[in-house]
**Q** 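Handing you this structure, nothing more for now.
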Amino acid sequence: MFLLFLFGAIIALYFYLSSGFQYWKKRNVPNPEPSLLFGNLGDSLTSKRSVGQIYTDIYRDFPDVLYVGFYRGRQPGLVLRDPQLIRDVMNKDFNSFHDNDLIISEEVDPLGGRNTFSLKGEKWKTAKSLITPCFTAKKMREMHVFLQKAANRMVRYLDDDVLKGGGSLEVRELFAQFGTEVVANCAFGLEGRTFDEPDPLFRKMGKKLFEPSPLTVIKFSIMFMFPSLSNILKIRFIPKDVTEYFCNIVDATLNYRKENNIVRNDFLDSMLELKNKLGESKFTNTDVTAQAVGFFTDGFETSSCVIAFALYELAANPEILNRLRAEVDQALLMQKELDYDSVHGLKYLDAVICETVRLHPPALVLLRSCTKPFVFPPPRGQGTGKDVNVEVDTPIMIPLYGLHTDPKYFKDPYVFDPERFMGENKESIVRGAYLPFGDGPRACHGQRFGATQAKVALINILANFDVTVNERTKTPLEIDPRYLILHVKGGLWINFSRRTSK
């Protein structure tokens, strides 16, 4: 009798679990076959594939439709494939998709929950309007001196430590040190000392945010697969000790500047201006710290990714490297150190950065959520079936890596070719197929700063060193699925030597 009851319970459980996976079939939306427990994202729990890789594969497996259904656990979501539809979601129809598909509670995680990436609705709109003026060209010019200062320290470190130690190193870590130095100065008013000490505390705190320990992998898997559950379990994006560290730094620095009337024209000064303008009740030290930490994560993790991949591609493509170096050398004949406007006047350098984030986008996927009922055309286009109603809270995924490496939009997509972004070639790129920093109101507000940081680093490397790919770099490059931001297995190892001629 017990065995019969158990068998019946198993059958009932099976039908309960599988019944939720009829959602897209009933709406005639194609979707990959889900597993009973985890839908289509089970591989991310075992780090077999990252969430971004899974969405890329879904994009590639259904080449003839505008969008594809998928299941995050039992929750139905959509992967968008059509550039025009993507542009509409991120721009024209933004009001129906204005939130990122991520839940971080301000009560549980006061810094992560106040970041503009995770804020929703009117709170996001208010924060965005306050933060955007901190990244104007004028502000960038004022902070440029801190970028150059960090670059000079990096060059000295390469001279004094790396060249004497054999001349090769993993450049992702090198540029994470550089980025940490930049952000320590610009966002916290500190000397990061990343090139002076073996493992400075500021860098150690940065590592805690993104290093893929088993606990971190599980935590991020829950956050991206089961957002509501992460809130119930009180999972924090930013660990408690990291929160306390940065809050203490900001409190002490703001008090010191106020008492001593110090103005540095950096990001923290911009935050202090906002606080004074709005008042303590509307913009607290915690709000200041949250935006500074957001600046920090972009500045050291995302930017270090871009610079490392750019240098790898230059080392692997000597003709491109030599052309860029000629442009840099010509500019340096006019100025010993290039100012902000001169840096952004280097057209081929800009093309190199654009091509780097096409082929190696730091985020493989953009996250959106349906915030107001909406109607999509039939998945195979108008006249091929019924429109599809998209319900509130439906996850909407935009697979950047899939789009950026689709031969439909980029000829020879795995060839590194900056010419794609020169002159008329750039104008011919299909809008909506190239979105390394997002698009529309939710586009990354720090992209101007990140691009400047990458350019300053590359200018100083090329002006002083010859670079080649070290044999420790495993080719072809293989994505490491344990990380949120793009990493490759084994790292990017580069040989450095002092330039003998200019």
Side-chain angles (χ1 to χ4, degrees), residues 98-100 102-136 139 142-143 146 180 182-192 201-202 205-206 208-210 223 227 230-231 234-302 441-442 444-446 449:
H98 60 66
D99 290 345
N100 282 329
L102 187 65
I103 298 175
I104 301 179
S105 166
E106 292 183 41
E107 289 71 32
V108 173
D109 186 347
L111 299 189
R114 285 175 169 84
N115 189 284
T116 51
F117 184 82
S118 57
L119 283 173
K120 302 181 184 299
E122 287 300 315
K123 284 189 175 181
W124 166 79
K125 189 175 181 180
T126 300
K128 175 81 170 181
S129 67
L130 296 174
I131 300 303
T132 299
C134 299
F135 291 96
T136 62
K139 294 289 186 181
E142 292 172 344
M143 289 192 282
F146 300 115
T180 301
V182 168
V183 176
N185 264 285
C186 292
F188 295 92
L190 298 174
E191 298 295 327
L201 186 56
F202 203 92
M205 289 296 163
K208 276 196 170 187
L209 289 173
F210 290 101
M223 291 181 73
S230 70
N231 204 24
K234 299 189 176 186
I235 294 175
R236 304 168 64 108
F237 185 86
I238 299 175
K240 187 176 181 180
D241 59 337
V242 176
T243 296
E244 292 173 351
Y245 172 76
F246 284 121
C247 283
N248 290 337
I249 284 178
V250 168
D251 287 347
T253 304
L254 291 181
N255 289 336
Y256 183 78
R257 290 190 184 187
K258 184 177 180 180
E259 291 171 2
N260 295 277
N261 197 28
I262 293 174
V263 177
R264 295 179 83 239
N265 293 318
D266 57 10
F267 182 79
L268 200 57
D269 270 357
S270 298
M271 293 293 97
L272 186 56
E273 289 174 17
L274 270 178
K275 183 184 174 187
N276 293 335
K277 179 181 178 180
L278 298 174
E280 177 69 34
S281 62
K282 293 185 178 180
F283 201 72
T284 67
N285 278 13
T286 302
D287 292 305
V288 173
T289 308
Q291 301 312 321
V293 170
F295 188 102
F296 175 66
T297 55
D298 287 343
F300 98 87
E301 183 67 9
T302 304
R442 277 267 186 188
C444 176
H445 52 252
F449 184 87

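Note that the coordinates shown come from a computational prediction; the quantities given were computed from them, not determined experimentally. Heads up: numbering here begins at 1 and tracks the sequence.
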**Q** Counting only heavy atoms not in K258, do more than 12 fall under 6.0 Å of its NZ?
**A**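 Counting other residues, nucleotides and ligands, NZ of K258 stays at 12 neighbours or fewer.
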
**Q** Indicate the ring-plane relationship of F202 and F188, choosing parallel, tilted or perpendicular according to the 30° and 60° boundaries.
**A**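 Perpendicular: the ring planes of F202 and F188 meet at over 60°.
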
**Q** Over all heavy atoms of both residues, which pair between F283 and V288 is shortest? Give the atoms and the distance, please.
**A** CE2-CG2, 3.5 Å

**Q** Is any side-chain heavy atom of L119 less than 4.5 Å from a side-chain heavy atom of K125?
**A** no

**Q** So, N115 side chain and F117 main chain: donor-acceptor pair closer than 3.5 Å or not?
**A**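 It does hold such a pair.
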
**Q** Just so I know, are the side chains of R236 and P110 near enough to count as touching, which here means a heavy-atom distance under 4.5 Å?
**A** yes

**Q** Hey, are D99 and R442 close enough for a salt bridge, meaning a charged N less than 4.0 Å from a carboxylate O?
**A**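 Result for this pair is yes, salt bridge flagged.
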
**Q** Any side-chain heavy atom of L201 sitting closer than 4.5 Å to one from Y245?
**A** yes

**Q** Does F449 have its ring centroid less than 6.0 Å away from the ring centroid of F295?
**A**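 Yes; F295 has its ring centre under 6.0 Å from that of F449.
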
**Q** Any non-hydrogen side-chain atom of L268 less than 4.5 Å from a side-chain atom of L254?
**A** yes

**Q** Ignoring hydrogens and geometry, is there a side-chain-to-backbone donor-acceptor pair from D287 to T284 under 3.5 Å?
**A** yes

**Q** Search all heavy atoms of I131 against all heavy atoms of H445 and return the closest pair with its distance.
**A**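 Where I131 meets H445 most closely, the heavy atoms are CG2-NE2, 3.7 Å.
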
**Q** Please check: side-chain N/O of E142 versus main-chain N/O of F267, any donor-acceptor pairing under 3.5 Å?
**A** no

**Q** Within the side chain of K208, is there an N or O that forms a donor-acceptor pair under 3.5 Å with the backbone of I238?
**A** no

**Q** Could you check if a side-chain atom of N285 sits within less than 4.5 angstrom of a side-chain atom of K275, using non-hydrogen atoms only?
**A** yes

**Q** With heavy-atom distances below 4.5 Å as the criterion, would you say the side chains of N276 and L272 are in contact?
**A** yes

**Q** Find out whether P441 and H98 are in side-chain contact, i.e. whether some heavy atom of one side chain is under 4.5 Å from a heavy atom of the other.
**A** no

**Q** Run the side-chain contact (heavy atoms from CB on, under 4.5 Å) test against D269 and tell me which residues pass, sequence neighbours left out.
**A** R257, V263, R264, D266

**Q** Mind checking the CG-OG spacing from L111 to S118? Nearest 0.5 Å is all I need.
**A** 10.0 Å

**Q** State, with a plain yes or no, whether a side-chain heavy atom of F296 is found less than 4.5 Å away from one of T180.
**A**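 In contact.
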
